[in-house]
2 protein chains.
Amino acid sequence: MARRRRGRSGDGGSREWIFRAACREFAGRGFAGANVDRIAAAAGVNKAMIYYHFKSKAALYREILNDMFVAVAARLDAMASAHTTPEGKIRAFVEAIAREAEARPHFPPIWFREIAEGGTHLELATMKIVGGIVQRLAAMIREGIEAGRFKPVDPLLVHAGIVAPVLLYYASGDLRKRLTRAGLAGADSFGSDDVIAHVQRVTLGTLEGKM
Amino acid sequence: MARRRRGRSGDGGSREWIFRAACREFAGRGFAGANVDRIAAAAGVNKAMIYYHFKSKAALYREILNDMFVAVAARLDAMASAHTTPEGKIRAFVEAIAREAEARPHFPPIWFREIAEGGTHLELATMKIVGGIVQRLAAMIREGIEAGRFKPVDPLLVHAGIVAPVLLYYASGDLRKRLTRAGLAGADSFGSDDVIAHVQRVTLGTLEGKM
DNA sequence: GTCTATAAATAGATAGAC
DNA sequence: GTCTATCTATTTATAGAC
C-alpha cells in the first residue's frame, strides 16, 4: 500500500492523488466504511492534506459523486453527436454508460450504494445532472417515436433496462470472482462487449416493439 | 424512534425485534454505517441483548443476508411449480423477485450494497443459495430451448436483465422521491406492476428471439 | 503546501448484577 | 432473559510548527 501513482503524467498533485485514492476507497467500502487515514495512505499524503484540500470527508465524497455524472453527461453528448438515427443514438447511450464505467471503475459501485442510501449525499446540482441524463434518453426515444420507428415506452423503464444491467456487470466483478472461486457457476463466459451488445439488442427490440 | 412493533402477532420476541430493526438499519446505512445502538433503540431492547442473541454485528448481518436468499429461493420454487410452460416459468421468476422485494424491502438495497462490496460478507452457504437461484433460471431457459421456443441466450445476461432493473426499481424509491422533490422528472408514472410487466415482456422477447 | 500531535466524539463489545 | 456501566479501539477533524 501507500504511495501510489505519484509522478505520473497527468497528475495534478496531492489534491488529485487524494481524489483518486478516495474514489477507490469509497467504491470499496462505501461512505461510512471509508476511512480518511486509509485514503491518505493510499494517496501517499499526510492525512491533514485531505482537510487542506477538502472541507470534510463528506465534501470529498460529494465531489466524487458530482464528477461521476458530469463525466457521464459529457461522454453522452460526445458520443450521441456522432450518430444521426434514433437507433444509433440508443446504441451510443448504452455504450457511453459502459465506457464511463470502464473509465471510472468507482462509478458503478458508488452509484449502487448511493441509490441504496436514497441519494442522501447528492447535491442539488448533481441531481440536476442526473435528471439531464434521463432526459437525454427520453429525447432520443421521443425522436424515434416521431420518426415512426419506436413504439411509446416509458423512458424510465428503458433507462432502468439499460443502466441497471450494465452497471451491475461492472459492479459485480469481484462478486463473480468470489462465486467462481467457491466453485459456482461464476460465468466468465462473456466480456463487456457481449454485455453492451446484449443490452443494445434488448433495448432496441423493446423500443421497436418486436415483442 | 425506539420501541417498535412489540406485541404484534407473529412476533418472536426480542431476537426477532432485533432482526427486523437490523434489516432496516443495514438497508438504510450499509454494514459499516449501521449502528448497533440504533438497532437496539429501534428494536426497543437493550444493546446487550443484541450480543446475547447474536455473536457480533457482522454475524447479525450475515444472518440477514442468508435469510434473504433462502426466502428468494423458497418463493421461486413455490411460484415456479404453479407453471408448466417455459414462458410461464420465466414470468413467475420475474414476479417472484419482485414480490420478495416487496416482502423484504431491505433485500434490494442490502443486495446492491453487498454487490458493490464484492460479496465480502457472504458465507459459503449463502453463496451456494445465490448460485442455485441463477441455476433455476438457467434450467428454465434450457427447457425453453429444448422445447424449441427459446433461442440460446447466456443465462447470466438474462438474469442481469431481470434482477437488475427490478431491484433497482425497489431500491430507488427514496431516490426517486428526492429527485421529484427537487423538481426533476422523478417519474411516478408507473408502479410495481408496470415494472414487472415490462421486464417480463422484455425478457420473453429476448428469449423468443424476436429481435 | 506539508507534517506532528492531539482533541473529541463515536461505536463495537463485554462484565456482572438482577 | 434483561439491564447498567464501562472498557477499548477507532476515527473525523483541527491546532500549530516548519
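Each chain gets a letter, A, B and so on, in the order the sequences are listed, and its residues count up from 1. These numbers were taken from a predicted model, which means no experiment stands behind them.
Between S14(B) and dG1(D) there is no side-chain N or O to OP1 or OP2 distance below 4.0 Å.
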Indicate every side-chain donor-acceptor pair of residues 123-141 of chain A with a distance under 3.5 Å to a residue at least two apart or in another chain.
from, atom 1, to, atom 2, distance (Å)
E123(A), OE2, R62(A), NE, 3.4
T126(A), OG1, N66(A), OD1, 2.7
R136(A), NE, D77(A), OD1, 2.7
R136(A), NH1, G132(A), O, 3.3
R136(A), NH2, D77(A), OD2, 2.9

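The side chain to side chain contact (heavy atoms under 4.5 Å, CB included) test applied to A164(A) returns A164(B), P165(B), L168(B), not counting sequence neighbours. R99(A) is linked by a side chain to side chain contact (heavy atoms under 4.5 Å, CB included) to R75(A), E95(A), E102(A), D193(A), I196(A), counting only residues two or more places apart in sequence or in another chain. Residues satisfying the side-chain hydrogen bond (donor to acceptor under 3.5 Å, both in side chains) criterion with R142(A), sequence neighbours excluded, are absent altogether. Every side-chain hydrogen bond (donor to acceptor under 3.5 Å, both in side chains) that E117(A) has, sequence neighbours left out, goes to H121(A), R113(B). Every side chain to side chain contact (heavy atoms under 4.5 Å, CB included) that A22(B) has, sequence neighbours left out, goes to F26(B), I39(B), L60(B), I64(B). For R91(A), there are no side-chain hydrogen bond (donor to acceptor under 3.5 Å, both in side chains) partners, not counting sequence neighbours.
Across the protein-nucleic acid pair, I50(B) atom CD1 and dT2(D) atom P stand 12 Å apart, rounded to whole Å. With rounding to whole Å, M49(A) atom CE is found 19 Å from dC18(D) atom P. Atom P of nucleotide dC3(C) and atom CD1 of I18(A) are separated by 10 Å, given to the nearest angstrom. Distance, Y52(A) OH to dG16(D) P: 18 Å, rounded to whole Å.
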For nucleotides 12-14 of chain C, tabulate all protein N/O to nucleotide N/O atom pairs closer than 3.5 Å, reporting atom names and distance.
from, atom 1, to, atom 2, distance (Å)
dG12(C), OP1, A34(B), O, 3.0
dG12(C), OP1, K57(B), NZ, 3.0
dG12(C), OP2, V36(B), N, 2.9
dG12(C), N7, K47(B), NZ, 3.4
dA13(C), OP2, Y51(B), OH, 3.0
dA13(C), OP2, K57(B), N, 3.0
dA13(C), N6, K47(B), NZ, 2.6

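Between W111(A) and F69(A), the ring-plane angle classifies as perpendicular under the 30° and 60° cut-offs.
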Dot-bracket notation for DNA chain C, counting Watson-Crick and G-U pairs under 3.5 Å, with | for partners on another strand: ||||||||||||||||||

